[in-house]
Amino acid sequence: MSLSRHVDPEDLIHHLQGSEIQTSDGRTSPHLTPYSTDYASRKAIPKFSIPQDGAPSDTVYAMIRDELELDGRPNLNLASFVDTYLEENAQKLMVENLAKNLADNDEYPAMLSMSERCVSILANLWGVQKGEKAIGTATTGSSEAIHLGGLAMKRRWQEKRRAEGKDTQKPNIIMGSNAQVALLKFARYFDVEARVLPVSAKSKFRLDPDLVRENLDENTIGIFVILGSTYTGHYEPVWEISDILDEFQEKTGIDIPIHVDAASGGFVAPFTHAGVGGHKWNFELPRVKSINTSGHKYGLVTPGVGWVIWRDESFLPKDLIFELHYLGGKELSFTLNFSRPGAQIIVQYFNLIHLGFSGYREIMENCLANARLLSKSLEATGWYTCLSDIHRRVSGGGTSGASDVKDAVKKTVSAVSGGGSGESSDTSAAYIAGLPVVSFRFTDDFKSQYPHIKQETVSLLLRARQWIIPNYSLPPSEDSTEILRVVVRESMSLDLLDRLVTDIVQVTETLMENDEVDLTILHRQQKGPSRKQDKDHKKEKALGEFRRMAEGIHRSVC
């Protein structure tokens, strides 16, 4: 029989330092659950300075996780173009490669090779011509990619002007007022005059080719053309602007390039049957010198990864390229960042190989089909009209309202969910090309009948049902019009879409059936400043320094 020693339980607990916590009276007690530390009820988690002593890992995890539950659900965030879904194997690759730095090329040659393959795949997808040596790079998103594309245009313009003995101090670049903020940032950060042209209903709230023609001169370094406006999803007419620049060159001898901001459309237009409506938009047009896209949007990767590609290395000035010798390797670099996560690059390559052309086509066609269904359901109510056009047939004509709203919406939705949409043989080719985006507003009749109902109220009440659907103004010159906007992504299933339509109808009916609803408190909770901040804002406004952004609940993401 073996000898046994007496164990003092209090002494044992005393020595388990990793699982002790201090009580309010100075005694120690065992750390039994994540909520049994002082942070449970005796003190708040530090917010603005590092604590003197740490806290148990599971406690900190629980506190942070609980606070993050206050965030909206990514899948119900219909304001964002950013992808929120990764399949299991993509998630595994992401986690397994989280620690890899894309800048460490010598340490991670396989990852670098995958990045180079993605550039080649995208160049081919975007119509690079035989004999051209396309060159490109991964970026942290479309913002960086746009800056690189613009910087290359500026430097090429400067080199040409210097060679001709001309002034290089007044470069300008042209874009529509619907441009995402990254395009404006490029102009401001790199000292280029931004010629921001107004958009209109006539131009479908996108860059107007006629205004482009009127604003060209010898100092124009290039045109930013957007393949998929964030406001309404319309593709800007790259082909028309290309023709205008060809004509301008014939008259003046001035060669002005196009950079296509295909942040969203770069992974949509190549795969859909609609394309961009039968026109050319990519490197098939000689005028297009560079294209960018966001892999973390319809490229189906999580943030952040973008891509920028030049049709030929001759369009990327050599003095912008750095030869780096780092950690034993050599790298040619043209980026605004250095160290960056590499896992997203790997997932991008996984998607391209796993899905292939047919897989991407199926996903993008599904997104457009669901966006069309949502558009038609909204217009069937008679309360809403769509400014986006992807649900309108190419042959013309729109969708008509219905006298019985509930029956009309039910008929529109159940036609598909019941397996008899009448459009089962249709593809996006039968409709106006664009992103799977639904921009809608109250009809004029509805506003006349219910003048007290505000669209922002619809957005706020939908937020109470966990849907994040922004309400915001159109670009300047059209900012008297407010729109609600839904971005349809891969994870928007037919069942979820049915729920969304039902909730929009119910919220609208609630507002119609009641007198004016006072949502002032809810409105302040959503986006109001504190009292001190409010005083500061009033002071700034009095000084003429306060300038309001486009009204509504909206923030573009690139």
Side-chain angles (χ1 to χ4, degrees), residues 4-80 82-88 90-99 296 302-304 341 343-344 459-470 491 496 499 503 518-537 553 555 557:
S4 299
R5 294 185 181 274
H6 167 67
V7 176
D8 185 339
E10 293 184 1
D11 183 64
L12 179 63
I13 291 173
H14 177 73
H15 285 87
L16 295 177
Q17 299 294 329
S19 59
E20 281 187 355
I21 60 170
Q22 196 78 17
T23 63
S24 57
D25 59 2
R27 295 181 294 103
T28 59
S29 63
H31 169 213
L32 299 176
T33 77
Y35 300 101
S36 63
T37 67
D38 276 1
Y39 291 124
S41 62
R42 288 181 286 276
K43 62 181 181 181
I45 184 173
K47 296 180 178 66
F48 308 109
S49 61
I50 189 170
Q52 182 62 37
D53 299 311
S57 173
D58 59 344
T59 295
V60 177
Y61 168 79
M63 289 187 298
I64 293 176
R65 180 200 60 200
D66 291 347
E67 186 172 349
L68 288 172
E69 288 183 351
L70 296 172
D71 286 346
R73 296 185 179 183
N75 194 41
L76 301 184
N77 179 8
L78 306 184
S80 178
V82 176
D83 184 57
T84 59
Y85 167 78
L86 284 181
E87 62 175 275
E88 185 177 354
Q91 290 182 33
K92 287 164 63 178
L93 282 171
M94 181 75 79
V95 172
E96 291 166 3
N97 293 279
L98 280 175
H296 59 230
T302 50
Q344 286 88 343
S459 178
L460 291 170
L461 290 179
L462 287 171
R463 182 61 185 261
R465 299 185 182 212
Q466 302 188 64
W467 299 107
I468 302 176
I469 298 178
S491 55
L496 201 59
R499 181 72 257 176
D503 284 346
D518 184 3
L519 293 179
T520 305
I521 295 177
L522 179 58
H523 184 273
R524 287 175 181 170
Q525 287 178 335
Q526 287 285 345
K527 61 176 184 178
S530 65
R531 290 185 178 181
K532 182 179 182 303
Q533 290 173 325
D534 191 47
K535 290 179 181 178
D536 292 341
H537 284 186
I553 308 169
R555 183 179 291 113
V557 181

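Both backbone and side-chain heavy atoms feed into the values below; hydrogens, waters and symmetry mates do not.
Only one option out of Thr33, Asp38, Thr37, Ile45 pairs with Thr59 in a side chain to side chain contact (heavy atoms under 4.5 Å, CB included); it is Thr37.
Nearest heavy-atom pair across Ala343 and Met94 is CB-SD, 3.4 Å. For the residue pair Val82 and Ser80, the shortest heavy atom distance occurs at N-OG, 2.9 Å.
When the side chain to side chain contact (heavy atoms under 4.5 Å, CB included) test is applied to Pro74, the partners found at least two apart in sequence or on another chain are Thr84. Listed by chain and residue number, Lys92, Leu93 satisfy the side chain to side chain contact (heavy atoms under 4.5 Å, CB included) test with Glu96 (two or more places apart in sequence, or in another chain).
Side chains of Pro34 and Tyr39 form no contact here, defined as non-hydrogen atoms less than 4.5 Å apart. Taking 4.5 Å as the limit, every side-chain heavy atom of Tyr85 sits out of range of all side-chain heavy atoms of Asn75. The side-chain heavy atoms of Asp503 and Arg465, taken from C-beta on, include a pair separated by under 4.5 Å.
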For this session: Apply side-chain hydrogen bond (donor to acceptor under 3.5 Å, both in side chains) to Thr302 and Asp83, showing your working.
Result: CA-CA 6 Å; Thr302 50; Asp83 184 57; over 6 Å; no
Only distances under 3.5 Å count here; give the side-chain donor-acceptor pairs of residues 61-73 to other protein atoms, sequence neighbours excluded, each with its distance to 0.1 Å.
unit_1	atom_1	unit_2	atom_2	d
Arg65	NH2	Tyr35	OH	3.1
Asp66	OD2	Tyr35	OH	2.7
Arg73	NE	Gln466	OE1	3.0

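A distance of 11.5 Å separates CD1 of Ile469 from CG of Leu461, quoted to the nearest 0.5 Å.
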